Structures are given as C-alpha cells and as structure tokens.
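Keep in mind that what you see is a predicted model, and the values were worked out from it rather than measured. Below, each value reflects all heavy atoms present in this structure, side chains not excepted, and no hydrogens, waters or symmetry copies. A, B, ... follow the sequence lines: proteins, then strands. Residue 1 opens every chain.
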Amino acid sequence: MAKAGITARDKDYSQWYLDIVDQAELSENSGVRGCMVIKPHGYAIWELIRDALDQRIKETGHVNAYFPLLIPKSYLMKEAEHVEGFAPEVAEVTRAGGEELAEPLVIRPTSETIIGATYAKWIRSWRDLPVLINQWANVMRWEMRTRPFLRTAEFLWQEGHTAHATEGEAERETLMILHDVYADVVENVMAVPVYRGLKTERERFAGALRTYSIEAMMQDGKALQAGTSHNLGQNFAHSFEIKYQTADNREEYCWTTSWGVSTRLIGALIMAHSDDDGLVLPPRVAPIQVVVVPIFKTDEERRAVMDAVSQLTADWKGRFRFKIDDRDNLSMGFKANEWEVKGVPIRVEIGPKDLQKGTAAVSRRDRPGREGKAFVEQTGLTEHIASLLDEIQQTLYDRALRFQREHTYDAVDYDDFKQKVEQGFVRVYFDGTGEDEDRIKAETKATVRVLPFEQPKQEGRCFLTGRMTKRLAVFARSY
RNA sequence: CGGGGUGUAGCGCAGUUGGUAGCGCACCGCGUUUGGGACGCGGGGGUCGUAGGUUCGAAUCCUAUCACCCCGACCA
C-alpha cells in the first residue's frame, strides 16, 4: 500500500523522487529558481556525509582552507577550455556599492582559477610541494532545469585542489581520492555501489587532462555521477603561472589536481535505497538511527512505559543516534508512518503488553510491514539493535549491488544496445570516436559513463564499428 | 531558450450568467483518545500574484507584467 503523498515508483519515478524529498522534509524550493532550502533532516544527512568525507580527506594528508565566493571574471578567462565549459552557466555580479564594477565578478562555479592564482603566489620551490588543500563551499551554476539535490543552481560541496612536482604524483593523488575517499564513502557509508573509471574526452572536466569518476546506478537504471577527480595536468599551471624551482635550480610548472563531491550525493542516496513508503537510509548516514515510540493509555501506564524506556535506552547515548518520540498528541500509527517516511532504520515500540512480557517490538525500515517486525527480549536489546544496524547497512549495500549487477548488460550490436540501455547500464567493447559518442547520445540519450579500470586482457568486437578493440566502456542514460 | 500549466487562508483545492470568498487538511481551545495515519464541539486566519483598464460593482471580463511548476535541448 502506497503512502499518502508519495507517487509509486513504477507509475512516475521522477514524481516519486520529488515526493520523497517533500514528504521526508529534506528540502523545499525557495523564492529563487533552482535554489533550494535544505531542511534540517536533509542537512543532517549532509553533515554525516560531509563528516565521513572530511575525516578521510584529512587522514590522507589534506588540510581545509577557504577561498572567496567571488572571482574576477578575468581569472575565469585564463584557461581557454575552462571558460568555454563554464561560461553559459556562470552568474556575474556587475553592480555593487551602488555603482557598476570596473571588472565584473563571477560567482564561483568551481574554484580552480582563484585557487590557481593563489597557488602561483604560494609556491616557489620544490620544498613547498605538494600543496594539499580542500575547501567546503557553495558554488553556483545557472542550470536550465533543476531538481532538488540532483541539479540545483547553488549547491554545497567540497573541492580539493592540489599541486605537485610531477605528473606521476598528481596522477596518484587523483586516483587515491577516487578510491580511498570517494568510493569508500559512497560504498561503505552510503551503501551505494559504484563503477569506477576514466571519463572519455567528451565527458572530461573543462580544462582537465583526465577525469575519473564514480558512477552509481539508480533504481530506474539511470546513472548518477557521484564524484569526479581530475588530473589537470599542467593546464592551469600554465594559465596561472604556478611554477616551482627544482632541487637542481630549474624552473618547472606544477601538476595540479582537483576533485569534488556535492549535495548531489543525497540524491544518489534517495534513488538508490528508498521505496514507495518513503525514504530509506543506511544507518551510517541516518541522523536518527533508532526511534522509540512509547505506547500507553492511562497515566499509570505512561509512567511505567516511560520508566522502562529510560532504562532500556540508558546506555544508548554516544552509541546510537536515537530519539524517544513521546509526543502525546499523536497516535502510534501516525508516528510509525512519519518515521518510515523519514527513513529511520529502526523503530522500537514499547507498550504495556511488552512490559508484561519483557519484550519490545522492533521494526526495520529496510523490510517494510510485518516481515520486518519482531518482538525482541528487552534483555540484550542494545546489542540486538547494534547488530541490526550493521545488518541493515549490509543488506542495503547488497541489495543495491545486486540491482546494479542485474541491470548491467552486454550488447552484441547497436540494436541490442538500444534495447538494453533502456533498462540499465550497458558494458560493451567500444572503439568509436567522440562523434560516435555524440551520435549515440542523440539517438539513445546514453553516454559513456566510464571506461572502467578493469579493462579486458583480450580483444572484443566494438558493438558500433565492428572493429576489434580492447577498450571496454560502460554506457548509460544519466542524471 | 522552445512547448505546456498554475497563481484564491500555512498546504491542497472550489468559486456557476460579474453582485463583495468557501471546502478539506493543518492551526488554537476544551473534552474523550493512543499496539499502524483518532474523534466530537467551539474558534482564529484572505490586499484572490502584481499593475492598469472595462463596469454602479471584478477572484470572475480585457491588457500588460512577475513568479513558480512540468516536459524537451545543456550540466556536479
């Protein structure tokens, strides 16, 4: 039975997504087109994702800093490919202090340019390298069409910007971030499995040498780019004169990288796990992991139940993120519904009958309805919940992984491809050109999501050109 | 930027041939309720998106304008 206010996924997936965002109170639209208000529940999820990322970013040797929101337009113009890539979606400030500005300022769509200009000042010698900095910031890209979290005009993200002495070092950094930070958080914290690999030239970041990405599969079979890591080569170093003196007194340009993930991850989280009853959150990113709903009729029962709840939850502090829902103006059914819609992994109900039997009713969100409800002895409840949280985390990952595998297809030729790409990812030998990619996109809406790191040893026949090749590509329609 | 749609109470909507604004939910009060979205009674809440015009009179007709939503081309 579908919940009030939530469109079924198989009826209208897109509307289902909007309904989840609305009903789970993750965000709402504001007076500015494309700019959303992130509500407390949505923001709390972001904080958990952010903390997991921040921890890993720091563990891998980076430090946080902050660069300005406004960037002189001339900075943006310095890297040719970069300007071209971002120009259409940049917002400019042309007036301030009651007068026209001599030089327009752009609201950062990303910060390579202003950070490049800064690094040029900071870096003198090989002893200054590497520079390993991250910033948490908001950025703005004036998109034509927006959707909460997936594509908003303003979004929150982190952007790492590093400078290195050698290409090899920059490349290692780029890949390390992709694997040890991004894929690790998305898979192990958000329970969303990803494909990892290289982007084709067509899909590469404007101004980068190489772009790597992780791609997650949504429940409608479409891909969501969940994170990108760019080896910028010496492109920005040349544009901004980021140079250093080597140990043997030569002048060299730095090799830089940049990498980012955004609040879009919340969109991935929603579309990977949630169901027709509402949001489903993996415990590690659930702001509330356990909600306790006391049930009582009389004052006497209320006292007894609340006493039991206090005792049972006494050792939960610092161990689980939990909430006791003791609102007395709402029925049990209403509360059950509300917490389900909001994705709380475990709900515990304790009423007079439980007090008599020494039990508690424990419901798990990943298995809706009666199937996921069990009566558990109050003795050992804490341990039960601890292991149940782990189990839910694992179940969600396994389920998403299975879905991803079941919806990744091979295709023998283009006709086969067209049919398969309607249903999910298609993994094929691909020897085509950029023009071929354009054509495929025009005809099927699918693009190369990644050239996976795991490339075949043996040659195969390109599904499009028929030529033999060793290059394997994953195609999909994407968000 | 093209196509479509909507602006009336916090939210969702109704409003007939133009006659001075209503319903449901939510909210407030009181009482009864609580093991899967409780119920009764009483109550508060509106420049009808904005600006002009037609008219004795406009939510309703006309013009302009703004905003938002949805569908396509571009994108973290």
Say we look at [N] and [M]: how far apart would their [atom1] atoms be, to the nearest angstrom?
N	M	atom1	value
B:C30	B:G37	P	26 Å
B:G22	B:A14	C1'	7 Å
B:C48	B:G40	P	33 Å
B:A9	B:G44	C1'	11 Å
B:C56	B:G72	P	50 Å
B:G18	B:U55	C1'	9 Å
B:G7	B:G19	C1'	24 Å
B:C69	B:G31	P	44 Å

Among [options], which nucleotide sits nearest the side chain of [X]?
X	options	result
A:K297	B:U34, B:A76, B:G35	B:U34
A:F155	B:U34, B:A76, B:G35	B:A76
A:T152	B:G36, B:G37, B:A76	B:A76
A:K353	B:G35, B:A76, B:G37	B:G35

hbond_proxy [X] side chain to [N] base (donor-acceptor, 3.5 Å cutoff):
X	N	result
A:R347	B:G36	yes
A:S331	B:A38	no
A:E349	B:G36	no

Answer with base, sugar-phosphate or nothing: what part of the nucleic acid does [X] contact at a heavy-atom distance below 4.0 Å?
X	answer
A:T228	nothing
A:G351	base
A:L330	base
A:A361	base

Could you give the CD1-to-P distance, from A:I295 to B:G35, as a whole number of Å? 7 Å
Aromatic centroids of [Y] and [X] separated by under 6.0 Å:
X	Y	value
A:F475	A:F417	yes
A:F453	A:H179	yes
A:W259	A:H62	yes

Using a 4.0 Å heavy-atom cut-off to protein, can you give one letter per nucleotide of nucleotides 64-74 of chain B, 5' to 3': B if the base is in contact, S if only the sugar-phosphate is, - if neither? ----SSSSBBB
Any strand counts, and the cut-off is 3.5 Å on both contacts for Watson-Crick or G-U wobble. Which nucleotide pairs with B:G24? B:C11
With A:R210, the side chain to side chain donor-acceptor pair (under 3.5 Å) member among A:E171, A:H230, A:E201: A:E171
Can you work out whether A:F205 or A:Q23 has the more 5'-proximal nearest nucleotide on RNA chain B? A:Q23
May I ask you to test the A:T444-A:E422 pair for a side-chain heavy-atom distance under 4.5 Å? no
Check whether any side-chain heavy atom of A:L388 lies under 4.5 Å from a side-chain heavy atom of A:V362, and answer yes or no. yes
Partners of A:F375 by side-chain contact (heavy atoms from CB on, under 4.5 Å), sequence neighbours excluded? A:D354, A:T359, A:A361
Looking only at the side chains, is there a donor atom on one of A:T408 and A:Y195 sitting less than 3.5 Å from an acceptor on the other? yes
